[in-house]
There are 6 protein chains.
Amino acid sequence: MPASNRMADLSWADVESRLASGAVVLVPVGAQEGHSTHLPLGTDTVIAEAVCDTLAQRLGGLVTPAVPFGYKSQIRTGGGHHWPGNIGLDGDLLIQLVRRILNDLIAKGATRIAVVNAHLENSWFITEACNLAVADHLDRSDLRIMAADWWAMLDGDDMVSVFDPPPDDISYEHAALVETSVMLHLAPDAVDMTKAPRHEFVQFPPYDIFPPPSDWITESGALAPVLNADAGKGRRIIELATSKLARAMQAEFGGSNP
Amino acid sequence: MPASNRMADLSWADVESRLASGAVVLVPVGAQEGHSTHLPLGTDTVIAEAVCDTLAQRLGGLVTPAVPFGYKSQIRTGGGHHWPGNIGLDGDLLIQLVRRILNDLIAKGATRIAVVNAHLENSWFITEACNLAVADHLDRSDLRIMAADWWAMLDGDDMVSVFDPPPDDISYEHAALVETSVMLHLAPDAVDMTKAPRHEFVQFPPYDIFPPPSDWITESGALAPVLNADAGKGRRIIELATSKLARAMQAEFGGSNP
Amino acid sequence: MPASNRMADLSWADVESRLASGAVVLVPVGAQEGHSTHLPLGTDTVIAEAVCDTLAQRLGGLVTPAVPFGYKSQIRTGGGHHWPGNIGLDGDLLIQLVRRILNDLIAKGATRIAVVNAHLENSWFITEACNLAVADHLDRSDLRIMAADWWAMLDGDDMVSVFDPPPDDISYEHAALVETSVMLHLAPDAVDMTKAPRHEFVQFPPYDIFPPPSDWITESGALAPVLNADAGKGRRIIELATSKLARAMQAEFGGSNP
Amino acid sequence: MPASNRMADLSWADVESRLASGAVVLVPVGAQEGHSTHLPLGTDTVIAEAVCDTLAQRLGGLVTPAVPFGYKSQIRTGGGHHWPGNIGLDGDLLIQLVRRILNDLIAKGATRIAVVNAHLENSWFITEACNLAVADHLDRSDLRIMAADWWAMLDGDDMVSVFDPPPDDISYEHAALVETSVMLHLAPDAVDMTKAPRHEFVQFPPYDIFPPPSDWITESGALAPVLNADAGKGRRIIELATSKLARAMQAEFGGSNP
Amino acid sequence: MPASNRMADLSWADVESRLASGAVVLVPVGAQEGHSTHLPLGTDTVIAEAVCDTLAQRLGGLVTPAVPFGYKSQIRTGGGHHWPGNIGLDGDLLIQLVRRILNDLIAKGATRIAVVNAHLENSWFITEACNLAVADHLDRSDLRIMAADWWAMLDGDDMVSVFDPPPDDISYEHAALVETSVMLHLAPDAVDMTKAPRHEFVQFPPYDIFPPPSDWITESGALAPVLNADAGKGRRIIELATSKLARAMQAEFGGSNP
Amino acid sequence: MPASNRMADLSWADVESRLASGAVVLVPVGAQEGHSTHLPLGTDTVIAEAVCDTLAQRLGGLVTPAVPFGYKSQIRTGGGHHWPGNIGLDGDLLIQLVRRILNDLIAKGATRIAVVNAHLENSWFITEACNLAVADHLDRSDLRIMAADWWAMLDGDDMVSVFDPPPDDISYEHAALVETSVMLHLAPDAVDMTKAPRHEFVQFPPYDIFPPPSDWITESGALAPVLNADAGKGRRIIELATSKLARAMQAEFGGSNP
């Protein structure tokens, strides 16, 4: 077996033999999005690729190039799209991009595909991409596409088992305790804790305003406290999510792992 | 003041004078979606319109015709798109429809617009519609668009104050305790409690599979128990949400209510 | 049989049994369009829905939620798109919306579908929607879609039998004698005859100018005289059109009426 | 003045000087559509170009290359889209094509543009193209776009003055008396009267059926009698329409004719 | 056999019999693009049509109406899109237009189609149109579409055999020696050699700049010397390319020429 | 200065300060495309990123995440789109993706942007993306976008200076001598010379056939000989191209390099 599971590192002949033996294909979807002053813009892409790499190793799978641009960052979930360096796609563009990746994988023989997402704002556009790809193949009964947000695999017990105290609300966790810990584990050189915000915290009303009011924007872009983040917690939480994903894929794609 | 606040019931001259006096414009977005065997397919549209009608009365607002078709129902949140009578839009079609409504309202002078949604699957496509409408008017600093899911206004205390016990998880509440109670209050003639499912309940894993596995589909389409629904609870919960929305609009749109 | 034939009022189980017994599905298409100062903006939607309700009752059919937004009002046929409260769709958006409704009905088992239009500007975009829906199902020989403008069912003799004198030209009848009479019959509370224009009348050259010249715009938006409108005439003319439509559907969809 | 008014025959420098002196730009829109067995598929393009050429000569105008493909031929107005050699555009494609031509003409300095149509099915898609082109230039108050169907310039008196008896109904005139006469005048070599249908005539109900019923299709594709067509009548009727169009353009575009 | 091979000049019945006997269908694609001060804007369309007419005569083929608008002229290959009279399509519009023509030809029974292009900027958009048309018919194994740029058939030996000296670089040949010679042969009345530029020549760096720098624009729009152009050379060079195309089509479409 | 110039590795604050000091933004565009049996599918992305990284270092620039999917591989230039692992975009999807990246960069303050392409089939779709992005900002006179194919910077003298003998034709160089040498320099671990084809070579006629004839497909996917490739030649040829690009950017974007 070649050292890499990333399709970009393999030749077509490598991919052909892997697909022929039933390899699951993993599609990481990230974002180019401001993640406070201490995390890199590519944070979500790093996480999505890392989760997929681990899954591919455990399941004998293949990983496509990551989708490195996600849906535009929203104020309440990602701090907003206005940060320098943010590159976000319109909804339909993301839909069509993921749909096309799925359809081209299917055309080349893949029947077990998992889209692994690390950017909250992507979720429903990925849902639509999967719905459209399935609708493009109504005559095919052998296709099974999974779409998962990596953090959604975690429940309250998982959070408590790693973080003390656990974050108040996972939906405010953008660029905060969980993501910072995970990045300290995955890409410590890309994290600068000296630039982590000290007191950042924001609570939003349960609705959106367009354009976003200026007082909904935090100074750094983080939505919740970063303090207490560490690499060990990051390692444990990402391992929990990835293990659950691996079990889910074995259950749903059964038999694809030799 | 004319008896109706619905723009479809008014002449253009009525609307002109209302807009001139700063009326908020409310856009109800519903769905045509199976809601178990005891609720009508138009449940979400009924609720969205009722919330908007009440808000318009309290705030001196106008209500556009409801968008009566929403995004395709998804298994984990709405029971699935396969039910006879379901009519669902592709994501981009819903985006473009809501965007166009917003842009035409803006073209006619509206500056305070609230999109009130009653179908969970619509939310992110409405988000994109609002983002695009704002991007279509970058030269306008006077526009303020709110987008709200009516149920999202409710917190745990609200649920406890009305339901005993409260539903386990609002995200499984499709065609269940809350919606049934609200419909018993709003449109009792359209509800047939003799056809309410007795033991329906489903728990989903935290990811999606496309196409949906057959064992993820409940017999009726409801996702959680309906028992104990009653009109009084429906009246109280919708009143709680609507009151919170009214206060939010007064805060965000300040001064538009004479 | 349930009291309502509107799909939004029925459960999916009701719709399932109706479709199984061969129910025709009726799709009313209206508009949100200024109709002078005495008629409501939703006039076309009211008429389309009323015609469909009657047809459904006579033919054992089902009625989808009305499409409440039509193509942008044009000066020569609808008074123009500039009136406050007008919400009009771009051509392709209307095409895609009607196409999607048709395709989703077909996916759920409908084979006899009639699109009933009450807004002149919609006609050719509905034509394209029907053409595309049929092209989406080239492998299906069992589909039959009718598209009808309700007023087009009327010939000169019909007009003379109801109106004395009959209107000069049906194409200038926007918000005028015929529509006002029909609305006095269908929705008298929404009509304010004290605000009917007295002397409104306009004659257009046989071509269009974009943007519309200001002297092509009437004060009220009506294109022809409203005087002499009454509910009885409205009842008779709409009954004539509806009866002809019912006969046409029986002829074209033969056997669908039990 | 160069011999030709067709922009395709001129150099950019010729066009520049013509536009600088206020030339009207004429955009002929035709079709590639079966016109019975005796007329060529390009009949509508021939007529649209001929009308534009004459108008350009009289008004000092320029003629763009004709749009040689129109909207798909419809049964009731054009005999149907199934004829070998028919090439028809989907509605949105025609809209975008005409919109782009208009926008590019405007970008190069044209402010007086007339779209002259010879294929009935094109009309509403041209309307939308003009609406969109104007909406693309909301900041421009100097633009004036005319859209005209050449035959719509003719009234009953015109028909009686040329044809005895006049055709029953202009809307059934596809490939019949009027078009055949005009083509005998404009392009006699392309007409083969020995192949003209003898007894062709069809009457349609006032609605559409999709896909078109086979008994709505005539043998030749003509919708009404061809007999009595002759070149002299063709010359007179096209001259009447063109003269009226010239006067309309002088009135609407006033002063553009040196 | 009718005198003309152009589908616009034939009736549907003529086309039907030609297609039934296996006629190749030729689709000329040109442009409306500034070609210096001495050549007409329609130069590319004239050439594409002429090549197709000759091929149709030799191969027993049919010629569709030319696509008279191409992709926007680019500075380095066509002199730029800014010239008065230029009408250029956006890339996707050209793709969809050619795709639609191909699909409609296929729907009417054509299986051997050749797209003959005379405007360099069109090539890759035609490629995509052909790819999409083939993807629209994955179930058809009998289709064969050729796409050829006429000048690409010529090699260095061909150029040397006609021009002495041959042009330095075919990619700078816009409105220069080759095209001028060909137009002097095909359409001498449309060429005004008194307006040919004397010393025009430009050399571009091997990359693009958007918007185009003003010093990349030549005075006339020609990119290379025109001197020494003559009709005889034009006749010989176009004959060489056309003959090679005819042989290529016989080889690729074998047996379609009776 | 941070160690990395890749925007995905930087925080928004880093990007903000770089853009404020006039950094050029480089957009690498690659492909996921079969490159024979000895090179990885991501070859073009590796090269595009490497060129951009070097340019960013020399010019003080920023590099966006690479576009890792290009236009569908074509037979004559890339060996075809059918290879397992190929993921290719439709033309308009690539256009819209690059356009969006450009527009979002411009929205965040970038005025000097260079798109660096390593996949031949991408070029014209990038051209259109740049044209559309400029058309989206007609009111901005400060924008300058360069688009360059890295290999196009090389002329015959460059090739001769590195390769002996030089490749016959750069357009057949897919997965052959030049790319293999460059990859041996940039990513030697991803190259497996034991799987390099020995005698692969193909000559195409000067036109396309759709779908591609089976005898136009080489066994490995390479289009020309790989023999004699080595890392030193790769280093020299990529350095030549990159140095020329750096000089071009300094000339075109003058002053942006501190």
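In what follows, every chain begins at residue 1, and chains take the letters A, B, ... in the order their sequences are listed.
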Between chain B and each of A/Ala129, A/Ala251, A/Ala248, count heavy-atom pairs under 4.5 Å; write down the option with the most.
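Counting heavy-atom pairs under 4.5 Å, the top option is A/Ala248.
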Given heavy-atom pairs under 4.5 angstrom as the criterion, report whether the side chain, backbone, both or neither of A/Glu252 touches chain B.
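Interface part for A/Glu252: side chain.
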In terms of heavy-atom proximity below 4.5 Å to chain B, should A/Leu143 be classed as side chain, backbone, both, or neither?
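It is the backbone, since no side chain atom gets that close.
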Quick check: closest heavy atoms across B/Pro206 and A/Ala152, and the distance to 0.1 Å?
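Minimum heavy-atom contact is CB-O, 3.2 Å.
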Quick check: closest heavy atoms across B/Tyr207 and A/Ala147, and the distance to 0.1 Å?
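Smallest interatomic distance, heavy atoms only, reads CB-O, 3.5 Å.
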Apply side-chain hydrogen bond (donor to acceptor under 3.5 Å, both in side chains) to A/Asn131 and B/Gln74, showing your working.
CA-CA 9 Å; A/Asn131 276 320; B/Gln74 297 301 298; 3.1 Å; yes
Would you mind telling me which of [options] has the largest number of heavy-atom pairs within less than 4.5 Å of chain A?
| options | answer |
| --- | --- |
| B/Met153, B/Lys72, B/Met146 | B/Met146 |
| B/Leu154, B/Ile126, B/Asp208 | B/Asp208 |
| B/His81, B/Gln96, B/His137, B/Arg144 | B/Arg144 |

Show your working on side chain to side chain contact (heavy atoms under 4.5 Å, CB included) between B/Trp124 and A/Thr127 and close with a plain yes or no.
CA-CA 11 Å; B/Trp124 279 91; A/Thr127 295; over 6 Å; no
For B/Asp90, the option from A/Ile95, A/Leu132, A/Asp92 that meets side chain to side chain contact (heavy atoms under 4.5 Å, CB included)
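Only one of A/Ile95, A/Leu132, A/Asp92 forms a side chain to side chain contact (heavy atoms under 4.5 Å, CB included) with B/Asp90, namely A/Leu132.
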At a 4.5 Å cut-off on heavy atoms, which part of B/Pro213 comes close to chain A: side chain, backbone, both, or neither?
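It is both, since atoms from each part get that close.
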At a 4.5 Å cut-off on heavy atoms, which part of B/Glu121 comes close to chain A: side chain, backbone, both, or neither?
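For B/Glu121, heavy atoms of backbone and side chain both lie under 4.5 Å from chain A.
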Proximity of residues 237-247 of chain B to chain A, residues having a non-hydrogen atom under 4.5 angstrom
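The stretch does not come within 4.5 Å of chain A.
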